There are 2 protein chains.
Amino acid sequence: MIPSAHRRLAATRATLLPEHKPEGSRGVILEVALKLFAERGYAGASIREIAEAVGMKSASLYAHYPSKEHILAELCRIGHEEHRRSIHRALLECGADPRDQVVAYVHAHVAMHAQFPMLAVVANGELHALSSELGAATFELRNQSIQVLEDIVRRGIERGVFQIPHVWLGVAAIGAMGMRVAYWYTPEFELSSEHVAEVYAEFALRVLGAPEPTQRGAG
Amino acid sequence: MIPSAHRRLAATRATLLPEHKPEGSRGVILEVALKLFAERGYAGASIREIAEAVGMKSASLYAHYPSKEHILAELCRIGHEEHRRSIHRALLECGADPRDQVVAYVHAHVAMHAQFPMLAVVANGELHALSSELGAATFELRNQSIQVLEDIVRRGIERGVFQIPHVWLGVAAIGAMGMRVAYWYTPEFELSSEHVAEVYAEFALRVLGAPEPTQRGAG
DNA sequence: GTCTATATGAAGATAGAC
DNA sequence: GTCTATCTTCATATAGAC
């Protein structure tokens, strides 16, 4: 089933873990801004709209954040840190087999995009709106995450586990599949985020020329 | 405006085919708006910036388009029509083998995103900013294009050519791989758009459980 | 920390001269 | 078709009372 075409993304609720969310009004503002930035884009959402949704006057926001851009910067940082944290944890729990590492990476990547779709849409899709000063650290985080997957794939190729015509294209394709999940996934989807993540991990192995034998045969 | 941390997409020039572009000022406005909408988003680019880049005053734009939203609507329509046209043409030139059809579809899909990256970014990524009235026809185009791929994949499964755990997820993943190309491809990339399209077509076959035997073995 | 009030500028769009 | 001039609304952000 295809998600609603008019919305920028299918999710309707902003999900932020307690550890992502500051205490008090600061956290409420961040969550409300996340929803509005995800739905309308950073430039398309105004300070006044955020304030109204929070239940404040716009001037009061400035007691918590020095500017609209600082709110976006915090959301981008949280999103990319959650992404990295999730992937690091998954990689720690798997062995040295490049196949297991790809499964761990892609599972974490996809599950994060399904479980925090608004965070993923904003952190990825609005990062360009940040000034160099506010965005540099987050940009660096993103490049590191891509590099981790590239390293796993190159190691798998050296060991003869993966066969792929072009490493970077494969990494880009695998990353892209997962990023897009944030736009259509909702908790109402017929499969859980875990299940989607498992299927996408298999897709990634297939792209890398190392499909799971059981799933391949079963169809 | 403060300089940004990075570019929203790698391409630096707006590409529009002659048949996409109206005559005279109308065409110039369209091309300039395409570049600015792609780089900053629809909400982030102003009528005044477009006018300045064209070499006009903002009021003069209204002799050619009734509103900013109408400019976006035309760009979205052109983008999705080019996408559909390109896929239809490719499918006419291939046979009845679902493998050939997937290759034709994905090749056209990816080549379009590489050759017209700004058009793809705007037509896909800013469609949500259109009102229902101005966006409805283009939404319909988009849904049709997705349906075409889904039909090809289902037919291939029925014939035992493809094996995939979940059809819709596979279609979504293949579509996503190609859409993302618009964000990173430039003519300076080490591979031509044709070559990238060929590699991605092979990725799609792999996701569908029907890789090219030669490429799979060759790695 | 939240409010009212406001500064300052930019937004989309229109009127009417040429 | 393009201009100057302007309307109206909205934007981000600040000042200062409570």
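Proteins come first, then strands; the chains are lettered A, B, ... in the order of their sequence lines, and each starts at number 1. Everything numeric here is computed off the predicted structure, so don't read it as measured data.
- Residues that satisfy the ring pair (Phe, Tyr, Trp, His ring centres under 6.0 Å) test with A:F139, not counting sequence neighbours, are B:H6.
- Rounded to whole Å, atom C1' of D:dC3 lies 14 Å from atom CZ of B:R48.
- If you measure from atom NZ of B:K68 to atom P of C:dA11, you get 9 Å, rounded to the nearest angstrom.
- Side-chain polar atoms of B:N143 and B:Q147 form no donor-acceptor pair below 3.5 angstrom.
- A straight line from CD of B:E52 to P of C:dA10 spans 12 Å, rounded to a whole angstrom.
- Between D:dT2 and B:S25, a contact under 4.0 Å exists linking OP1 or OP2 to a side-chain N or O.
- The separation between B:L36 atom CG and C:dA10 atom C1' is 16 Å, rounded to whole Å.
- Across residues 54-61 of chain A, A:A59 each have a non-hydrogen atom less than 4.0 Å from an atom of DNA chain D (numbered order).
- One finds no salt bridge joining A:E31 and A:K35 here, because no Lys/Arg side-chain nitrogen approaches an Asp/Glu carboxylate oxygen to under 4.0 Å.
- Rounding to whole angstrom units, CD of residue B:E49 and P of C:dG9 are separated by 17 Å.
- Of all nucleotides listed (D:dA11, C:dT14, D:dT14), C:dT14 comes nearest to the side chain of B:Y62.
- To the nearest angstrom, C1' of D:dT2 lies 17 Å from OH of B:Y65.
- B:S131 and B:E133 form no side-chain donor-acceptor contact under 3.5 Å, judged by distance and modelled atom types alone.
- One can place CD1 of A:I47 at 18 Å from P of C:dA10, the figure rounded to the nearest angstrom.
- Defined by atom type and a distance below 3.5 Å, a donor-acceptor pair is missing between the side-chain atoms of B:H195 and B:S192.
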Check: residues 104-118 of chain A side-chain donor-acceptor pairs under 3.5 Å, at least two apart:
unit_1: A:Y105; atom_1: OH; unit_2: A:S145; atom_2: O; d: 2.6
unit_1: A:H107; atom_1: NE2; unit_2: A:E194; atom_2: OE1; d: 3.3
unit_1: A:H109; atom_1: ND1; unit_2: A:H83; atom_2: NE2; d: 2.8
unit_1: A:H109; atom_1: NE2; unit_2: A:G175; atom_2: O; d: 3.1
unit_1: A:H113; atom_1: ND1; unit_2: A:H109; atom_2: O; d: 2.7
unit_1: A:Q115; atom_1: NE2; unit_2: A:S193; atom_2: OG; d: 3.1

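- If you check the side chains of B:H128 and A:E39, you find no donor sitting under 3.5 Å from an acceptor.
- Atom CG of B:L134 is separated from atom P of C:dG12 by 16 Å (rounded to the nearest Å).
- Nucleic acid contact class of A:A43 (heavy atoms, under 4.0 Å, all strands): none.
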